[in-house]
Amino acid sequence: MAMECVASARKAESIGKKFTIKGWVRTRRDSKGGFSFLEINDGSSFGNLQVIANNTLQNYQTDILKIGTGCSVVIEGVIKGSPAKGQETELVADSVQVVGWADPNTYTMQKKGHTFEYLRTQAHLRPRTNTFGAVARVRNQISKSIHDFFQEKGFLYINTPIITPSDCEGAGHMFRVTTLDFLNPKTIAKAEDDFFGKPVFLTVSGQLEGETYACALGKIYTFGPTFRAENSNTSRHLAEFWMVEPEVAFNDLIQNMDLAESFIKRIIRDALNQCGEDMQFFEERIEKGLIQNLELVLNKDFQRISYTEAVEILKNSGQTFEFEVAWGKDLQSEHERYLAEKHFNGPVILYDYPKEIKAFYMRLNDDGKTVRAMDVLVPRIGEIIGGSQREERLEILEARMQGAGLKPEDYWWYLDLRRFGGVPHAGFGLGLERCVQFITGMANIRDVIPYPRTPGSADF
RNA sequence: UUCCCGAUAGCUCAAUGGUAGAGCGCCUCGCUGUUAACGAGGAUGUUCAAGGUUCGAGUCCUUGUCGGGAAGCCA
């Protein structure tokens with residue numbers, strides 16, 4: 001990393017070296033001592049590089065004194081130790097070239113605090129702020145950790161289709177993909193006339209296709225965009241989000257839990273180690289106690305209890321919940337948060353849920369009432385991972401599909417995995433944006449993806 | 001989708017039914033190895049939209065639009 005960027009220029013080992021820095025001005029402060037301070041950011045680190053621009057520069061009066069927040073510049077100079085507090089190094093400019101001006105009367109990114117609500121209307125410029133720069137870097141690190149984690153374990157990265165004729169969950173609304181013009185009814189004919197000759201949708205999960213590759217190649221993961229047309233208006237839902245879905249042949253639910261736990265811990269460890277300055281910012285300005293909470297999750301063994309045990313704990317908790325706790329009912333957010341935040345004060349994995357509240361493909365237990373499902377709950381977020389051991393027995397799977405109102409013949413290829421060389425296998429899904437929320441402490445999911453897509457809103 | 005809250009200067013917000021305000025940002029000047037710099041002065045308004053009540057509406061009523069919070073669904 002001998003690149004000439006702000007991140008390296010800020011390090012003491014760069015003192016004495018000649019640098020060319022290309023970036024955007026955050027602030028300018030003039031000194032009547034005969035020079036100006038410029039704070040430059042180029043995205044390579046959270047902190048800015050302080051530049052000293054002396055009034056002996058030929059364009060000092062004509063350009064430099066007019067530089068404001070948002071201007072792009074190319075600056076050449078030598079890195080020196082900074083005589084004042086606040087930064088280790090500074091760049092003493094030999095030349096300052098303004099590449100692009102930013103009119104301070106119309107430029108919407110001001111030097112000081114904007115609300116996240118306002119910045120959402122400026123999604124194209126918000127990456128120039130401290131917060132969104134930090135989110136982008138941490139999100140990138142998480143994506144890298146995801147690939148590193150699985151690649152180092154020998155998983156294959158599989159790209160499952162985004163346009164699909166199958167409905168993975170058997171529930172939930174999907175986005176229809178069509179070339180038919182619904183605004184012009186005269187042209188509408190039949191579904192067979194559509195581009196693919198049948199109804200197709202944007203994927204809600206790559207799991208089923210992922211299973212086919214796991215049942216051939218052993219260990220795989222998918223990592224791509226996912227779409228849900230649910231009318232969910234919350235700080236934790238997007239219509240378009242990114243999901244990671246590992247799938248491992250021959251794994252059972254316990255091995256699935258082990259994988260999920262080490263996976264989460266790897267992401268946390270990398271974020272703390274690789275994004276220290278960004279994480280410190282989130283700790284100080286976004287969520288107090290964030291780092292301590294992450295270290296708690298990193299250092300604690302995840303508690304593992306069955307759904308049935310969880311129901312008993314909640315019933316005996318003495319807490320009054322808005323929603324009733326009863327075996328057979330799904331746990332509500334308040335219940336999950338009580339378990340992760342109050343009762344265990346740390347991450348919890350719940351498993352063996354009633355079959356009625358879980359998907360058809362989860363393996364039925366011998367009790368006939370529960371399935372090999374698991375949810376990983378963490379403090380502050382609640383469910384961050386959901387997964388299961390898959391049903392590998394053909395007859396039971398067919399029966400459960402029919403019980404869920406699905407036609408087994410529509411899933412002939414999925415059932416073939418059970419007909420030919422079938423094996424136990426297990427996997428889980430992690431929503432990337434929820435993971436970014438968990439790591440950064442950002443309260444609203446719309447602020448951890450560059451261009452959020454939510455019901456009634458697809459700007460930019 | 002349900003419930004609650006909100007919409008006023010570029011931004012964040014004030015304003016008993018009676019003359020439209022402040023802080024920040026911006027501009028000018030001053031001061032300073034400054035760093036959310038500081039001090040003084042200045043410019044800035046279709047009060048979200050459409051109706052209604054009233055002598056008079058930013059303020060009250062109705063509808064709509066947009067935003068936020070909580071819940072449900074989930075990742």
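Just so we're on the same page: letters track the sequence lines, and every chain starts at 1.
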Answer for the Watson-Crick or wobble partner of B:U28, both distances under 3.5 Å, is B:A40

Does A:Lys315 qualify as a cation-pi partner of A:Trp327, given the criterion of NZ or CZ under 6.0 Å from the six-membered ring centre and within 45 degrees of its axis? no

For the side chain of A:Glu90 and the base of B:G33, is some donor closer than 3.5 Å to an acceptor across the two? yes

Please classify the nucleic acid contact of A:Pro83 as base, sugar-phosphate, or nothing, using heavy-atom distances under 4.0 Å. base

Protein-nucleotides 2-10 of chain B N/O pairs under 3.5 Å:
residue	atom	partner	partner atom	Å
B:G10	N2	A:Gln110	OE1	3.0
B:G10	N2	A:Gln110	NE2	3.4
B:G10	N3	A:Gln110	NE2	3.1

If you take atom types as modelled and just measure distance, does the side chain of A:Ser232 reach the base of B:C73 with a donor-acceptor pair under 3.5 Å? yes

Reading RNA chain B from 5' onward, which residue's closest nucleotide shows up sooner: A:His237 or A:Ala443? A:Ala443

Report yes if the distance between the aromatic ring centroids of A:Phe116 and A:Phe132 is under 6.0 Å, otherwise no. yes

Rounded distance in Å - CD (A:Gln122) to C1' (B:G25): 15 Å

Among B:G72, B:A37, B:G68, the one nearest any side-chain atom of A:Arg29 is B:A37

Is it true that A:His335 and A:Phe321 have ring centroids separated by less than 6.0 Å? yes

Interatomic distance, A:Ile67 CD1 vs B:C27 P [rounded to whole Å]: 13 Å

Select base, sugar-phosphate, or nothing to describe what A:Ile384 touches, counting heavy atoms under 4.0 Å on all strands. sugar-phosphate

Between B:U28 and B:U44, how far apart are the two C1' atoms, rounded to whole Å? 15 Å

Output the single nucleotide from B:C74, B:U32, B:G33 whose closest atom is nearest the side chain of A:Asp30. B:U32

Taking the nucleotide of RNA chain B with the closest heavy atom to each, which residue, A:Thr69 or A:Thr115, is nearer the 5' end? A:Thr115

Atom CG of A:Asp103 and atom P of B:G25: how far apart are they, to the nearest Å? 17 Å

C1'-based separation of B:C4 from B:G18 [nearest Å]: 32 Å

Does OP1 or OP2 of B:G33 have a side-chain N or O of A:Gln50 closer than 4.0 Å? no

Would you mind reading off the distance between A:Leu377 atom CG and B:C74 atom P, rounded to a whole angstrom? 14 Å

Counting side-chain heavy atoms from C-beta on, which of B:U12, B:G72, B:G33 comes nearest to A:Phe323? B:G72

A:Leu65 CG to B:C26 P, straight-line distance once rounded to whole Å: 15 Å

Nucleotide paired to B:A22 in any strand shown, Watson-Crick or G-U, under 3.5 Å: B:U12

Closer than 3.5 angstrom, by distance alone: can the side chain of A:Glu261 be matched with the main-chain N or O of A:Phe302 as a donor-acceptor pair? yes

Classify the nucleic acid contact of A:Leu238 as base, sugar-phosphate or nothing, counting any heavy atom under 4.0 Å across all strands shown. base

Looking at the side chain of A:Thr234, which of B:C73, B:G69, B:U1 is the nearest nucleotide? B:C73

Both distances under 3.5 Å, Watson-Crick or G-U wobble: report the partner of B:G33, or none. none

In whole Å, I'd like the distance from the CZ atom of A:Phe37 to the C1' atom of B:A36. 16 Å

Which part of the nucleic acid, if any, lies within reach of A:Glu39 when heavy atoms closer than 4.0 Å are counted: base, sugar-phosphate only, or nothing? base

Any side-chain N or O of A:Ser333 less than 4.0 Å from the OP1 or OP2 oxygen of B:G72? yes

I'd like the C1' distance from B:A57 over to B:U16, given in whole Å. 14 Å

Gap in Å between the two P atoms, one belonging to B:U8 and one to B:A15, rounded: 14 Å

Whole-Å distance between B:G72 C1' and A:Lys329 NZ? 14 Å

Would you confirm whether the ring centroid of A:Phe223 sits within less than 6.0 angstrom of the ring centroid of A:Tyr157? no

Does the A:Thr89 side chain pair with the main chain of A:Ala9, one donor and one acceptor, at a distance under 3.5 Å? yes

Would you measure the distance from the C1' atom in B:U1 across to the matching atom in B:A14 and give it in whole Å? 35 Å

Cation-pi check, A:Lys153 to A:Phe149: give yes when NZ or CZ is under 6.0 Å from the six-membered ring centre and within 45° of the ring axis, no otherwise. yes

Starting the side chain at C-beta, find the nucleotide from B:C11, B:G33, B:G67 nearest to A:His114. B:C11

Quick check: does any side chain N or O of A:Ser82 sit under 3.5 Å from a backbone N or O of A:Glu88, one acting as donor and the other as acceptor? no

Just to confirm, is there a sub-4.0 Å distance from OP1 or OP2 of B:U32 to any side-chain nitrogen or oxygen of A:Ser31? no

Can you check whether A:Arg120 has a side-chain N or O nearer than 4.0 Å to OP1 or OP2 of B:G68? yes

On a whole-Å scale, what distance lies between the C1' atoms belonging to B:U54 and B:U62? 16 Å

Would the base of B:U1 count as contacting A:Glu230 through its side chain, where contact means a donor and an acceptor less than 3.5 Å apart? no

For B:A7, the Watson-Crick or wobble counterpart (both distances under 3.5 Å): B:U65

Scanning all shown strands, the Watson-Crick or wobble mate of B:A70 with both distances under 3.5 Å is B:U2

Below 4.0 angstrom from OP1 or OP2 of B:C74, is there any side-chain N or O of A:Arg228? no

Does A:Arg380 offer a backbone N or O that forms a donor-acceptor pair with the side chain of A:Glu341 under 3.5 Å? yes

Between B:U19 and B:U34 - C1' atom distance, rounded Å: 43 Å

Parallel, tilted or perpendicular: which fits the ring planes of A:Phe428 and A:Phe263, with parallel below 30° and perpendicular above 60°? tilted

Quick one: label A:Gln332 by what it contacts on the DNA or RNA (base, sugar-phosphate, nothing), any heavy atom closer than 4.0 Å. sugar-phosphate

Return the value, rounded to whole Å, for the distance between atom CE of A:Met109 and atom P of B:C26. 14 Å

Using a 3.5 Å distance criterion without hydrogens, assess whether the side chain of A:Asp252 forms a donor-acceptor pair with backbone atoms of A:Gln255. yes

Measuring only the C1' atom in each nucleotide, how far is B:G64 from B:C13? A whole number of Å is fine. 25 Å

